[in-house]
Amino acid sequence: MRLAVIGAGAVGRSVVELAGEYGHEVVAVADSSSAVVADGTGGRGSGAGGDDAVGVDPDAVVARKAERGIVGDDDPEDALAADYEALVEATPTTLGDAEPGFSHVRTALERDRHAVLANKGPVAERFGDLRAAVDDSDGGIRFEATVGGAIPAVSTVEDIEPGHVTAVRGVLNGTANFILTRMAAEGLDYDHVLAEAQDLGVAEADPSFDVDGTDAALKCVILANVLSFGAVDDPADAREFTLDDADVEGIRDVPGSALRLAAEDGRTVRLIGEATGETVRVAPRLVPENGTLAVSGTQNIVQIETSHAGRLNISGRGAGGPETASAVLGDVGRLE
């Protein structure tokens, strides 16, 4: 399938690098200020590799981004106008109106193209608008990569059928989990471990999105929408969730003493998100120290409660460029 990749961060670059291994071809790439579009696909062809090129040169795109901070000499709008079959939306997550990601996806759908999202914003904040745009298009959308990186949470819920899933919970943020794991293992306080995580590159300079529970909450909102809309025949009967509907508490106020006391009782603390078709909640919770939810470091886990198959657990890497790109490219395959 011919792909246009919008967003050239870690995930977008990994999609560009790995697409060929999955049998797909990248014909356009854009970041916020530039683009490269392959010859014959609607752009001016800068950096496409010659008159006979069909797709862009992945190595050249990644190298140019690293060396010059741009992916090409075309305009970002040229990538949206290229002759692609599926748009990969990998720009940073924004809240509220979810722009510009939502408009990118809508543009693809208006052209009857598919869209695959790694950007959580449109799915968490404008799920109903996305559904309406899909209903008016011959294209489809997929968004596995918005929840748990490489973990197939959304597709597993869909395979079971949302009407047979009563709840989805789990550890859905690697940064928060790393901090809690280190606090428990070393008996250290939050501020000390946060500084360590920032030095290691596990936490951002501004860690709010992760440690305040926002990232995990967005993922749970997406799962709640999947459950709500998937369990009804008429979308008008579904409840649409946004971040405003989530009850969210982060880990900033978890004292080291709480983890030490928990350990004396054979328990530990994890930031647990839970979604049903009616509620979304994220908060630090006590869990058995050797239990399923007590994954360590940056690992994530998704626990699915089902009506007929019991409890299913899926764990793995919840973030990272190649890991998340694998979920994106898996979604592209589902749309073929």
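Note that the structure is predicted; figures quoted are calculated from it, not measured.
Within a 6.0 Å sphere centred on CD of E289, heavy atoms belonging to other residues, nucleotides or ligands number more than 12. D265 CG: more than 12 foreign heavy atoms inside a 6.0 Å radius.
Both L227 and V123 belong to a common hydrophobic cluster when Ile, Leu, Val, Met, Phe, Trp and Tyr are linked at side-chain heavy-atom distances under 4.5 angstrom. Connection of I251 to F209 is not established within any shared hydrophobic cluster, with ILVMFWY side chains joined at heavy-atom distances below 4.5 Å, either directly or through further cluster members. By the rule that hydrophobic residues join a cluster once side-chain heavy atoms approach within less than 4.5 Å of another member, V11 and F143 end up as members of separate clusters. Following chains of ILVMFWY side-chain contacts shorter than 4.5 Å, one cannot reach I314 starting from L293, and the two form parts of different hydrophobic clusters. In this structure, I179 is not a member of the same hydrophobic cluster as I272, with clusters built from ILVMFWY side-chain heavy atoms closer than 4.5 Å.
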Go through the steps to decide whether V116 and L329 satisfy the test side-chain contact (heavy atoms from CB on, under 4.5 Å), and finish with yes or no. CA-CA 9 Å; V116 175; L329 292 164; over 6 Å; no
After noting the C-alpha distance and the side-chain angles of R106 and D129, does the key distance pass the salt bridge (charged side-chain N to carboxylate O under 4.0 Å, His left out) rule? CA-CA 9 Å; R106 182 174 58 191; D129 291 340; over 6 Å; no
Check the pair R270, N177 against side chain to side chain donor-acceptor pair (under 3.5 Å), reporting the backbone distance first and the verdict last. CA-CA 7 Å; R270 290 292 182 265; N177 205 57; 3.2 Å; yes
Evaluation steps, side-chain contact (heavy atoms from CB on, under 4.5 Å), between D253 and Y190: CA-CA 8 Å; D253 296 328; Y190 168 81; over 6 Å; no
Could you walk me through whether V165 and V157 pass the side-chain contact (heavy atoms from CB on, under 4.5 Å) test, one step at a time? CA-CA 7 Å; V165 174; V157 169; 4.2 Å; yes
Would you please test T156 and E158 for side chain to side chain donor-acceptor pair (under 3.5 Å) and show each step? CA-CA 5 Å; T156 301; E158 290 175 337; over 6 Å; no
side-chain contact (heavy atoms from CB on, under 4.5 Å) assessment of E17 paired with V62: CA-CA 8 Å; E17 291 178 307; V62 172; 3.7 Å; yes
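Of all heavy-atom pairs spanning L271 and A176, the tightest one is CD2-CB, 3.8 Å. Taking every heavy atom of both residues into account, G163 and A231 meet most closely at CA-CB, 4.0 Å. When all heavy atoms of K65 and R13 are compared, the closest pair comes out as CG-CD, 4.2 Å. T276 and T166 make their closest contact through CG2-O, 3.6 Å (heavy atoms, listed as atom of the first residue, atom of the second, distance). Counting all heavy atoms, side chain and backbone alike, A133 lies closest to L109 at CB-CD1, 3.6 Å. The minimum heavy-atom distance linking V56 with P58 is given by the pair O-CD, 3.1 Å.
In this structure, I6 CD1 and S32 OG are separated by 11.5 Å, a value rounded to the nearest 0.5 Å. Note that OG of S34 is 3.5 Å distant from CG of D31, once rounded to the nearest 0.5 Å. In this structure, CD on E110 lies 8.5 Å from OG on S137, to the nearest 0.5 angstrom. Taken from CG in L130 to CD in E125, the straight-line distance is 11.5 Å, to the nearest 0.5 Å. Atoms CG and CG, from L95 and L218 in turn, are 5.5 Å apart once rounded to the nearest 0.5 Å. Note that CG of D245 is 8.5 Å distant from CG of N225, once rounded to the nearest 0.5 Å.
Counting heavy atoms from C-beta on, the side chains of L18 and S326 never come closer than 4.5 Å. In this structure, E204 and Q198 have side chains that are not in contact, with every pair of non-hydrogen atoms separated by 4.5 Å or more. Inter-residue side-chain proximity for Q303 and L312 is flagged as unmet; no heavy-atom pair is nearer than 4.5 Å. For the pair E196 and F178, the minimum side-chain heavy-atom distance is below 4.5 Å. Counting heavy atoms from C-beta outward, H104 and T91 have side chains that approach closer than 4.5 Å. Looking only at side-chain heavy atoms (C-beta outward), H24 and E336 come within less than 4.5 Å of each other. With a 4.5 Å cut-off on side-chain heavy atoms, N313 and R311 count as touching. By the 4.5 Å heavy-atom criterion applied to side chains, V27 and D83 are not counted as neighbours.
D97 has no carboxylate O lying under 4.0 Å from a charged side-chain N of R126, or vice versa, which leaves the two without a salt bridge. Using a 4.0 Å cut-off between a side-chain N of Lys or Arg and a carboxylate O of Asp or Glu, R64 and D73 qualify as a salt bridge. Here E85 does not pair with R113 in a salt bridge; the nearest charged N to carboxylate O distance is not below 4.0 Å. A salt bridge is defined here as a Lys NZ or Arg NE, NH1 or NH2 lying under 4.0 Å from an Asp or Glu carboxylate O, and D135 with R131 fails to meet this definition. Using a 4.0 Å cut-off between charged side-chain N and carboxylate O, E274 and R281 make no salt bridge. Comment: D215 engages K120 in a salt bridge, judged by a side-chain N to carboxylate O separation of less than 4.0 angstrom.
A distance-only check finds no donor-acceptor pair linking the side chain of E67 to the backbone of G69 [under 3.5 Å]. Looking only at distances, a side-chain donor or acceptor of H114 sits under 3.5 Å from a matching main-chain atom of G140. Under the 3.5 Å distance criterion, the side-chain polar atoms of R111 are matched with a main-chain donor or acceptor of L80. Formation of a donor-acceptor pair under 3.5 Å by the R142 side chain with backbone atoms of V328 is not found in this model. Judged by distance alone, with hydrogens and angles left aside, the side-chain atoms of E99 form a donor-acceptor pair with the main-chain N or O of S103 at under 3.5 Å. A donor-acceptor contact shorter than 3.5 Å is absent between the side chain of S228 and the backbone of A224. Using modelled atom types, no side-chain atom of T324 and backbone atom of G321 make a donor-acceptor pair closer than 3.5 Å.
A donor-acceptor contact closer than 3.5 angstrom is absent between the side chains of E240 and T242. Under 3.5 Å, the side chains of E144 and S155 contain a donor-acceptor pair of N or O atoms. Side-chain atoms of R252 and S208 include a donor-acceptor pair closer than 3.5 Å. With 3.5 Å as the limit, one finds no donor-acceptor pair spanning the side chains of D212 and T214.
Here F127 and F241 keep their ring centres 6.0 angstrom or further from each other.
Cation-pi geometry between R2 and Y84 is not satisfied (NZ or CZ under 6.0 Å from the ring centre, within 45° of the ring normal).
When the options L259, L180, T181, N290 are evaluated for a side chain to side chain contact (heavy atoms under 4.5 Å, CB included) with T268, the one that passes is L259.
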